[in-house]
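Residues take their numbers from the sequence shown, with the count starting at 1. Whatever order the structure lists ligands and atoms in, that order sets their numbers, starting from 1.
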Amino acid sequence: MKKNKILLLVALFVGMCLTCEAKPKGEAKKLLKRLTKIQAQGYMMGHQDDPMYGLKWMWDRGRSDVKETVGDYPAVMGFDLGGIEMCDAKNLDSVPFTRIREELIAHYERGGIVTLSWHPRNPLTGGTSWDVTSDQVVKSVLPGGSQHTKFCAWMTRVGDFLETLKTSKGKRIPIIFRPWHENNGSWFWWGEKLCSDEEYLALWNMLQDELNRRGFKNLLWSYSPNLHGQFNEEYYLRRYPGNDRVDLIGEDAYQWGTEADFKSQLTKDLDFVSQFAKKNGKLFALTECGMKNLPDPTWLTRVLKPIMDKYEISYFLLWRNYREEFFAPDPTHPAAQSLKDMHSAKNILFLQDIKNIK
Ligand code: BMA
């Protein structure tokens, strides 16, 4: 009897720990609450590398194509860690990590939301994230694999950089962290055809467990497959890391093909994702999106906005404005008016709309 009681207590304790593990804590918990409050007001506009470069400028401090177009910063800014694993001074898009730190902190301190993605090199071949010449890469970084030790050092470097993302008062900044994205495509070494479901999940867990072990309580984990058009629960769950490991459901969605295909695929996906998110108590966002170079200047308001308006979406993040490949207009681009119209829309939130929602 006594022994049974002890066993029961142990089981209860373990159960409690597991349940605690499932919920974000500290800064991440506060950010999740904040995102939920913001979502009740509408959805946020976001932009990758917004303060780093634009259609006609590079590296000038204080500039932003979005701000110069609509008079306000995006609510969400995204940055990428690709290259931190190699101890590079600049990321894969030539942005110095010191500058990423500076802008990320500045955006948080002005009341904005920040998100980080990671396009690491290929640890087995030495190529880029897009080197898919081997389907053994994920396997090689898992425990027992030939690149495991190297990959542990890579994870340490990610953690070391994350540790430096603090306010002037030394408080860790809450961040939406979005690793191993677009995993249903096969263009990254962690993609669908490049590893098994079990290997993908082991990769996700290994990074998450390592950062949890280091005590990061400021990360909300975003799981972001790519535009698909045919999601169903059975398929989606295969690589879904689990409710205890995912805080935000994301989707990356670009219009590369026809408008009709994009609209139909995105609508089908958001029908699925919005239901899935609701059922599992999660927020969801378009964690990357856009139409390259906006050849149709009305695309943002005519194609993207009406779809997003139908769902309780948290934010959308337009990808970076690099000279030959940009996703947001600047004031001189014909699509400037559509971004202004988004800014005027009551349900689309920019920095000024969210900075006081705490
Ligand atoms: C891709 C492109 C690349 C870039 C990468 C990471 O979508 O924009 O040029 O290197 O994202 O930012």
So, do I176 and L35 sit near enough that their side-chain heavy atoms are less than 4.5 Å apart? yes
Give me the ring orientation class for F276 and F272: parallel if the planes are under 30° apart, tilted from 30 to 60°, perpendicular past 60°. parallel
Is it the case that the side chains of Y53 and R63 hold a donor-acceptor pair, with the cut-off being a distance below 3.5 Å and no angle test?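 The criterion, which ignores hydrogens and geometry beyond distance, is not satisfied for Y53 and R63.
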Just by distance, no angles: are the side chains of K263 and T258 close enough, under 3.5 Å, to form a donor-acceptor pair? no
Using a strict 4.0 Å threshold on nitrogen-to-oxygen distance, state whether [X] and [Y] make a salt bridge.
X: E198; Y: R238; result: no
X: R178; Y: E288; result: yes
X: K23; Y: D247; result: no

Do any nitrogen or oxygen atoms of E288 lie less than 3.5 angstrom from nitrogen or oxygen atoms of ligand 1?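 No.
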Considering both backbone and side-chain atoms of H119, is one of its nitrogen or oxygen atoms within less than 3.5 Å of a nitrogen or oxygen in ligand 1? no
Find all atoms of ligand 1 within a distance of less than 4.0 Å from any non-hydrogen atom belonging to D93, and give their numbers and elements. 4 (C), 6 (C), 10 (O), 12 (O)
For E325, atoms of ligand 1 separated by under 4.0 Å from a heavy atom: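 With E325 as reference, the close atoms of ligand 1 come out as 2 (C), 8 (O).
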Considering only heavy atoms, does D49 approach ligand 1 within less than 4.0 Å through its side chain, its backbone, both, or neither? neither
Any idea which part of R320 is under 4.0 Å from ligand 1, heavy-atom wise: side chain, backbone, both or neither? side chain
Can you find a non-hydrogen atom of D80 under 4.0 Å from ligand 1? no
At the 4.0 Å heavy-atom cut-off, does W130 count as touching ligand 1? yes
When you measure from atom 11 (O) of ligand 1 to each heavy atom in W319, Y254, W118, F327, which option holds the nearest one? W319
